[in-house]
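Heads up: the structure comes next, in structure tokens.
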Amino acid sequence: MTRSLTIATLFPLVTVAAGDEAKGPALARRARDRGLSAEVVTVDRPGGFVEADVYLLGGTGRDGVGQLVSLLSDTDLASRVSAGGSLLFAVDAGLDAVSLTWVDPAGHRHDGLGLVPVVVSGAAPVTGSVVTKPNAELGLPALVGWESNDVRTQRAAAAPFSQLEHGAGDRSETRTDGVVSGSVIATRLHGPLIALNPELADLLLARATGRTEPWPDLPVPAVEEARTNRIAEIRAEAAAAGWAARVRRAVRPLSPVRAER
Amino acid sequence: MTHRRDPLRAGVALGAGRVADRLSLSLGLGAGSVVGGRTALRLDPRVLEAVAAGRRSVLVTGTNGKATVTALVTAALGEKGSVVTNAMGANTTDGIIAALAKDRTSPVAALEVDDVHLGAVVKGTRPRAVIALNSSREYTRGVSLARTLRHWRRTAAALPDDSVAIINTDDPLVSWAFEAAPRVVPVSGGLDWRDDALLCPACRAPHEFEGLSWSCPGCGRQRRAPQWTVVAEGDEGDEGVEWYVEHGRGRQRIEVTVPGRTATVGEAFALAAADVFGVDLAGAAERMATVADVDERYAPVQIGEHAARLMRLDNPAGWAEALDVAATTGAQLVMVVDPDGPRDTATMWESPFHLIGGHEVAVTGGRSSDVVAILTAAGVRTRVAPDVLSAIATREAGDVLVACNTPAFRRVSAQFRGGAA
């Protein structure tokens, strides 16, 4: 049986580009590899809103979140997602927009669409690589991505998207990132997240089509190699940084002596 | 030696800047110019005013093509030695101070300006002309496109009354940002990457595009008719193509000596600037014809049977232009991409590699596995090589485009200049 999927990228020009527009085509590629036909639509104004199986929201920065919330309010996104008719994958500024409340760059708190039980507040800016821990419940291996945000994400009564091996994520002590709640999966991870992690694409496709049995194996060697190399590099850098910090701590008591030379 | 005209504090600041310059050279921090400028700026924010005083300046900004067009403008505006410029991409406020401090006598300055430094540099130089080439997304700096455009718009509204904005009228974002300038000279500069210009920046309605023309059905803004346009005559055959820049009073023959579309339309921008400065256009065109290279970027390097041309690409608009050239000319491609932080290859996943679907590309560099994944996803065949020379050697004899990200570009150009061939 072939099914045709519509994947809609919502208002990408409203937020700061962070490589998230690669996600739609990557998901459609994986769908085709899985024998599904898929079409990617970009929605740039409320009047252009389409009924879709998967909605993608993304971008970074808090400048555009207010406009994103107001544009999304004029669409059927909330009702379609709440009724479980569509899946929403929201990244960073997109996560802010569907949260209960978020904070603008001036520090004022605003209501989001309230599609996930998440409260967002300001934090120090962080940009860096992220490696997640495998998530057996979602059937995901260790994923690689990157983050660039200045917010803290607090969840209530919902599971995180991932546990982190490396990265700042939601800035909590539990070292987690994102949220999975109802028909919404949300994360802070940008860029080629879906392209580099085909198992995530599989998860979205299974959710969107109501598939419950596992997908057959379908490795993409080029992607697997790119991901393996990048994770190895991040781990090596983290190990080196750990050593450097330990050396600095060990050497610090000596430094006044060294300065006298 | 500080210059007599300098206010006292600025003079001291410049002296300190030169000390820092020498220090940074001796510490092996590279060509020092930016470090020196930064020290000077910290000591006195009016230093730029002091070093720019008494000169007529033209500033060149935009996401892509700044260095190339600045080189053409420098040539167009005068004989060698009479125009000061900031070659080698030192295009922030500090880099510009350093360049101007080094040459205190040239009466004209042609300056490449980083997009987000335009306001400060306009304030400090009170330019006769600002050239705005294009505007599209970048990931490297974390400054949003919308913020850059607002910055340009405020800057344009604050330009001195005798200042002229020479803008790419084919780019709706640039057109909006500079609409409040005292005088606008529209140039047809083309638009390779439309994805960031789909919506009207003023009213958010989707633009309507037709060829190079665009209009906004929401607020009625539309492309101004260009006053300077590049036209080609003849075929690629025996006679070859002849290039002209058409303008209000006729047309000027130009020789296109630097490869790529940016350089071709860059001649139109440069002639428009020459016109503002009252420079004879025929002479300007003649001098531009001697520009064969920009910061040693373009001159082909002969490597055995191959003539390799280096390109530096760091955003989707840059890749779009290069891939269009590769697809339409059938040029052989080598890609060299090195690690450059967590976001290094993110822009490439959004770039239109499907334009060269079915072609084979030789891939090398520290991010080869990312590049192979990106190209494979786009239906491009790949062949990985251990280094750039062996990657080039896998191509047929003749011209090869060597497309690099910024760290790879630095590494490979240093290798080629060092005579590795």
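Protein chains get the first letters and strands the later ones, always in sequence-line order, with residue 1 at the start of each.
- Residue E237(A): no heavy atom, backbone or side chain, is found under 4.5 Å from chain B.
- Neither the backbone nor the side chain of V130(A) has a heavy atom closer than 4.5 Å to any heavy atom of chain B.
- Put simply, of S368(B), P339(B), A377(B), the one with the most heavy-atom pairs under 4.5 Å next to chain A is A377(B).
- When all heavy atoms of L13(A) and R204(B) are compared, the pair lying nearest together is O-NH2, 3.7 Å.
- A heavy-atom distance below 4.5 Å is not found between the side chains of R45(A) and L198(B).
- Ranked by heavy-atom pairs under 4.5 Å with chain A, the list T345(B), T376(B), L199(B) is led by L199(B).
- Heavy atoms closer than 4.5 Å to chain B are found nowhere in E147(A), neither backbone nor side chain.
- To the nearest 0.5 Å, atom CG of residue D370(B) and atom CG of residue N229(A) are 8.0 Å apart.
- Heavy-atom minimum distance, V372(B) versus A222(A): CG1-CB, 3.9 Å.
- Considering all non-hydrogen atoms of both residues, S148(A) and R343(B) come closest at OG-NH1, 3.9 Å.
- With S369(B) as reference, E225(A) is the one residue of E225(A), R230(A), E224(A) to meet the side chain to side chain contact (heavy atoms under 4.5 Å, CB included) rule.
- Of the two parts of D44(A), the backbone and the side chain both hold a non-hydrogen atom closer than 4.5 Å to a non-hydrogen atom of chain B.
- Annotation: maximal heavy-atom pairing with chain B below 4.5 Å, among P221(A), P125(A), G61(A), G128(A), occurs at G128(A).
- Taking both residues in full, the closest heavy atoms of P342(B) and W146(A) are given as O-CD1, 3.3 Å, listed atom of the first, atom of the second, then distance.
- When atom types are taken as modelled, the side chain of E350(B) and the backbone of E21(A) share a donor-acceptor pair closer than 3.5 angstrom.
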